[in-house]
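Everything on this sheet refers to the single structure shown next.
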Amino acid sequence: MIKNIKKIGVLTSGGDAPGMNAAIRAVVRTAVYYNLEVIGIKNGYDGLIQNKFITLKNYSVSDIIQKGGTIIKSARSEEFKTAEGMQKACDNLTNAEIDSLIVIGGDGTFTGANEFGKKYDFPIIGLPGTIDNDLFGTDFTIGYDTALNTVVDAIDKIRDTAYSHNRLFFIEVMGRDAGFIALRSGIAGGAEDILIPETETHIDNLIHKLEHDWRHNKKSGIIIVAEGDDAGGAYEIAQKVTEKFKNYKTRVTVLGHIQRGGSPSCMDRVLASTLGYEAVKALLNNKRDVMVGQKNNKIVFTPFAEAIKHHQDINRDMLEMARILSL
Ligand code: F6P
């Protein structure tokens, strides 16, 4: 059914990502330009169920483009997965006369949006907001670039002390199911090896590489471990290595949630602004149930079902290059 869009609800859901505020700002300002009302829904889908609605005007989003986190907060909602939760959300939207939604988040967010949109014939547009970069239908997600810069900065600092003390560091980065953060930050940080969930990790191969490095007078180094690696987390992998190869003195650093915070990079601010702007225009052009992304510098719309079904492939050539460059 074609609806006349008048009042847009916007929410952020799942793990927060730097640039979400820039996206909210773009949604609000574009909507105001087109004489639409915008309601901010607090705490992701939980706020839809609990009626946590706030009116957003053009001035409500002043001074946030540079801020990390999300001014309307985020959550991973269990209740929205239930039929009762969805019904409450639908009733609250109807009562508030909100006729469309823009949801900013990752695959969990789009799974919910896909189900809700179809069940209630409700227009929803998604924006890819996750540091993991694990969505199909966009080259980069909002927050990924900033997270990478945070990780690379940490690697550089750790490398200083690793060198001074002749130590091998295992640095764990985020990415439960995806190695995108690990791969790019590992290349940029000149890591000795990069262990990611998309490829099988063989501890013996890693030891073989470390023995080679040791023989060639590398007395310190960095191994990047994505948190979802099949051989375990950084602590586990460090232990498995040192049990068999004792030459290196090892240390482990788990970067954790520091990767999710901070002022968004220029790349993330521009991406978030562009996608937020396009999301409002997409609703007005009667697009529904799609994620708006950017591929090869062009705006593309991907049905939610596609965006969550598979994420883009890890670039194996980049992995091979990283191994060659770490000789
Ligand atoms: O989805 C983003 C992400 O940061 C993942 O990389 C990480 O595994 C997860 O969120 C951590 O989630 P939480 O903040 O709920 O512990």
Side-chain angles (χ1 to χ4, degrees), residues 11-23 42-47 68-70 72-81 103-114 126-138 140-155 170-186 189 194-199 201 224-237 252-265 268 271-272 275 291 293 304 307-312 314:
L11 62 82
T12 46
S13 154
D16 61 349
M20 280 183 162
N21 281 329
K42 295 194 88 176
N43 311 328
Y45 292 123
D46 279 346
T70 154
I72 49 176
K73 307 206 176 191
S74 190
R76 300 185 200 277
S77 176
E78 284 306 313
E79 208 181 340
F80 193 67
K81 292 179 186 159
V103 298
I104 309 168
D107 51 2
T109 307
F110 298 156
T111 305
N114 194 31
L127 296 191
T130 165
I131 63 163
D132 291 345
N133 204 41
D134 60 345
L135 288 168
F136 186 76
T138 191
F140 299 111
T141 55
I142 298 163
Y144 177 55
D145 184 62
T146 308
L148 283 177
N149 289 324
T150 302
V151 174
V152 172
D153 182 53
I155 296 173
F170 291 82
I171 303 179
E172 185 177 301
V173 300
M174 276 190 168
R176 248 192 309 233
D177 311 305
F180 295 102
I181 296 179
L183 179 58
R184 276 197 185 241
S185 67
I194 302 168
L195 312 180
I196 55 175
E198 290 85 349
T199 58
T201 294
I224 299 294
V225 182
E227 65 173 324
D229 189 72
D230 61 310
Y235 278 103
E236 216 177 322
I237 292 176
V252 175
T253 302
V254 177
L255 294 182
H257 286 79
I258 194 171
Q259 296 161 90
R260 288 241 297 263
S263 178
S265 66
D268 276 331
L271 179 67
L275 299 185
M291 180 193 88
F304 286 139
I308 54 187
K309 199 161 65 192
H310 37 230
H311 60 64
Q312 51 177 317
I314 206 93

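For ligands, and for the atoms within them, numbers begin at 1 and follow the listed sequence.
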In a simple table, one pair per line, please give the protein and ligand 1 atom names for every N or O pair closer than 3.5 Å, along with the distance.
unit_1	atom_1	unit_2	atom_2	d
ligand 1	1 (O)	Asp132	OD2	3.1
ligand 1	4 (O)	Arg260	NH1	2.9
ligand 1	6 (O)	Asp132	OD1	2.7
ligand 1	6 (O)	Asp132	OD2	3.2
ligand 1	6 (O)	Gly175	N	3.3
ligand 1	8 (O)	Glu227	OE2	2.4
ligand 1	10 (O)	Arg76	NH2	3.1
ligand 1	10 (O)	Arg260	NH1	3.0
ligand 1	12 (O)	Arg76	NH2	2.9
ligand 1	14 (O)	His257	NE2	2.8
ligand 1	14 (O)	Arg260	NH1	3.0
ligand 1	14 (O)	Arg260	NH2	3.0
ligand 1	15 (O)	Arg76	NE	3.1
ligand 1	15 (O)	Arg76	NH2	3.2
ligand 1	16 (O)	His257	NE2	3.4

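Looking at residues two or more places apart in sequence or on another chain, you find a ring pair (Phe, Tyr, Trp, His ring centres under 6.0 Å) between Phe180 and His311. For Ala272, the side-chain contact (heavy atoms from CB on, under 4.5 Å) test picks out Ala22, Ala23, Ile142, with sequence neighbours left out. Pro128 meets the side-chain contact (heavy atoms from CB on, under 4.5 Å) test with Leu135, Thr138, Thr141, Leu275, Met291; sequence neighbours excluded.
One distance of note links CD1 of Ile194 with OG of Ser185; it measures 7.0 Å at 0.5 Å rounding.
For the pair Thr150 and Gln259, the tightest heavy-atom approach, listed with the atom from each and the gap, is CG2-CA, 4.3 Å.
Counting only heavy atoms from C-beta outward, the side chains of Ile224 and Ile155 approach each other to under 4.5 Å.
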